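As C-alpha cells, the structure follows; a few thoughts come after it.
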Amino acid sequence: MGVVLGTFPMHTKQVDYRRRDKIDDELEMTMVCHRPEGLEQLEAQTNFTKRELQILYRGFKNECPSGVVNEETFKHIYAQFFPHGDASTYAHYLFNAFDTTNNGSIKFEEFVMGLSTLLRGTMREKLEWTFHLYDINNDGYINREEMTEIVRAIYDMMGKYTYPALKGDVPKQHVDAFFQKMDKNKAGVVTLEEFIVACQEDEMMMRSMQLFENVM
C-alpha cells in the first residue's frame, strides 16, 4: 500500500490555498460518520507533517467515505495490490494489527499512527509493530503456530508467479529456522525482547521480517 508523500515550500501565495484546504477539510469532516482528531494533534502524535496528513486524510476518505474502514473493505482494497495471489488472510491479520481498539473498524487516527510507525518509526518501533502483527492472540508471545499462519498468509498473498518453485511445507520450514535462532531458552514461544534481539543480530532474518514493509 505504497504512499507517496511530499512536502511543499511555504510561499506567501499559498496562504489562501492553505486556508481553502482547511475549509475543505472541515466541510468534509462534517459529512462523515467519524470525525478524526484535529490535524494539529495528529501531527504531534505522528511523524507526518500537517500537509501530509491532509493528503492522507483525503485519500482515506476517498476510499472510505464514512470515515472508518471495516475488514471487508480493507481486504477488497488490499487485494488489488496482489492480483496473482490470495491476500485475504494476510489482510485479515494486518487489519487486526491496525485495529488497536479491537472494535472491528479502523479509524483514520489508527491508520496514520500505524503508518507513521511503519514508514518513519525507529527500527525498534517497526519491530515492535511487527511482533504485534505476529502475536495473533495478543498474549505477549509468538508461538510456532502463529508465525506459521502469518508466513503462510504472506506466501499465499505473493502468489504462484512470485514463488513458482515452492514444494512441500515451505512456510513451516521457514518458521522452524526462525525459531531456532529466536527461541534461545527453548521455551516454545518467543518474547518481544527475544524477537528484537534475534532480528537485530541476524541480517537475513531482519530482511525477512521487513517483508511487511514491501507488502504494506
Side-chain angles (χ1 to χ4, degrees), residues 1-7 25 29 32-82 87-142 146-147 149-151 153-154 157-158 192 195-196 199 206-216:
M1 194 179 296
V3 179
V4 179
L5 302 174
T7 55
D25 288 341
M29 288 180 189
V32 300
C33 299
H34 170 74
R35 292 182 60 182
E37 299 172 4
L39 294 182
E40 291 83 0
Q41 185 174 346
L42 285 175
E43 184 180 9
Q45 294 174 330
T46 67
N47 297 315
F48 295 127
T49 66
K50 187 174 180 180
R51 181 58 178 166
E52 289 171 338
L53 288 167
Q54 287 177 324
I55 295 170
L56 287 169
Y57 176 67
R58 288 179 181 174
F60 186 88
K61 183 178 176 295
N62 184 57
E63 294 289 347
C64 314
S66 67
V68 297
V69 56
N70 60 30
E71 184 172 339
E72 289 308 308
T73 302
F74 187 85
K75 286 181 177 179
H76 175 72
I77 295 171
Y78 208 72
Q80 297 175 45
F81 295 92
F82 301 94
S88 60
T89 302
Y90 183 79
H92 165 73
Y93 294 127
L94 192 63
F95 179 89
N96 288 342
F98 273 103
D99 180 17
T100 55
T101 56
N102 299 314
N103 66 353
S105 63
I106 300 173
K107 296 185 292 187
F108 178 68
E109 296 93 325
E110 293 174 304
F111 175 69
V112 294
M113 291 290 284
L115 202 62
S116 174
T117 298
L118 292 171
L119 295 180
R120 298 185 180 173
T122 64
M123 184 53 64
R124 183 180 178 90
E125 288 171 340
K126 291 179 180 181
L127 289 173
E128 286 177 351
W129 199 96
T130 309
F131 181 89
H132 175 59
L133 171 68
Y134 279 78
D135 180 16
I136 295 173
N137 65 3
N138 295 315
D139 66 351
Y141 302 93
I142 299 175
E146 287 174 320
M147 183 169 283
E149 281 292 315
I150 299 292
V151 172
I154 291 174
M157 176 178 61
M158 301 309 285
L192 174 61
F195 179 81
I196 290 175
C199 288
M206 177 71 85
R207 286 201 303 269
S208 297
M209 286 300 169
Q210 286 179 321
L211 176 62
F212 74 90
E213 292 185 1
N214 301 321
V215 298
M216 270 300 300

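Quick note: numbers below take in every heavy atom, side chains included, and nothing from hydrogens, waters or symmetry partners. Worth saying up front: this structure is predicted, and the values here are computed from it rather than measured.
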Minimal heavy-atom distance between Val68 and Lys107, with the atoms involved, is CG1-CG, 3.9 Å
Could you tell me whether the side chain of Leu133 reaches within less than 4.5 Å of the side chain of Asp135, counting heavy atoms only?
-> no
Would you say Ser116's side chain and Val112's backbone share a donor-acceptor pair under 3.5 angstrom?
-> no
Taking the six-membered ring for Trp, are Phe98 and Phe74 parallel (under 30°), tilted (30 to 60°) or perpendicular (over 60°)?
-> tilted
Can you tell me how far the OH atom of Tyr134 sits from the CG atom of Leu127, to the nearest 0.5 Å?
-> 11.0 Å
Kindly compute the distance separating CD (Gln41) from OG1 (Thr46), expressed to the nearest 0.5 Å.
-> 10.5 Å
Is there a side-chain contact between Thr49 and Gln54, using heavy atoms and a 4.5 Å cut-off?
-> no
How would you list all residue pairs meeting salt bridge (Lys or Arg N to Asp or Glu O under 4.0 Å) that involve residues 62-82, not counting sequence neighbours?
-> Glu71-Lys75
Heavy-atom pair with the smallest gap, counting every atom of Ala87 and Ala79 | CB-CA, 4.3 Å
Got more than 12 heavy atoms from elsewhere within 6.0 Å of OH, Tyr141?
-> no
Given the rule in the side chain to side chain donor-acceptor pair (under 3.5 Å) test, do Glu125 and Thr117 qualify, once you have shown the distances and angles that lead to the verdict?
-> CA-CA 6 Å; Glu125 288 171 340; Thr117 298; 5.4 Å; no
Looking at CE of Met123 and NZ of Lys126, how far apart are the two atoms once the value is rounded to the nearest 0.5 Å?
-> 5.5 Å
Kindly compute the distance separating CD (Glu52) from CG (Asn47), expressed to the nearest 0.5 Å.
-> 9.5 Å
Run the numbers on Leu115 and Arg120 for side chain to side chain contact (heavy atoms under 4.5 Å, CB included), then give the verdict.
-> CA-CA 8 Å; Leu115 202 62; Arg120 298 185 180 173; over 6 Å; no
Interatomic distance, CG@Asn103 vs CD@Glu110, rounded to 0.5 Å, equals 6.0 Å
Specify whether Phe60 and Phe108 have parallel, tilted or perpendicular ring planes, treating 30° as the upper limit for parallel and 60° as the lower limit for perpendicular.
-> perpendicular
Non-hydrogen side-chain atoms of Leu42 and Gln45 separated by less than 4.5 Å = yes
So CG of Asp99 and CG of Asn70: to nearest 0.5 Å the spacing works out to 11.0 Å
Identify the two heavy atoms, one from Glu146 and one from Ile136, that lie closest to each other, and give their separation to 0.1 Å.
-> OE2-N, 3.2 Å
Might you work through the side chain to side chain contact (heavy atoms under 4.5 Å, CB included) test for Ile196 and Phe131, ending with a clear yes or no?
-> CA-CA 8 Å; Ile196 290 175; Phe131 181 89; over 6 Å; no
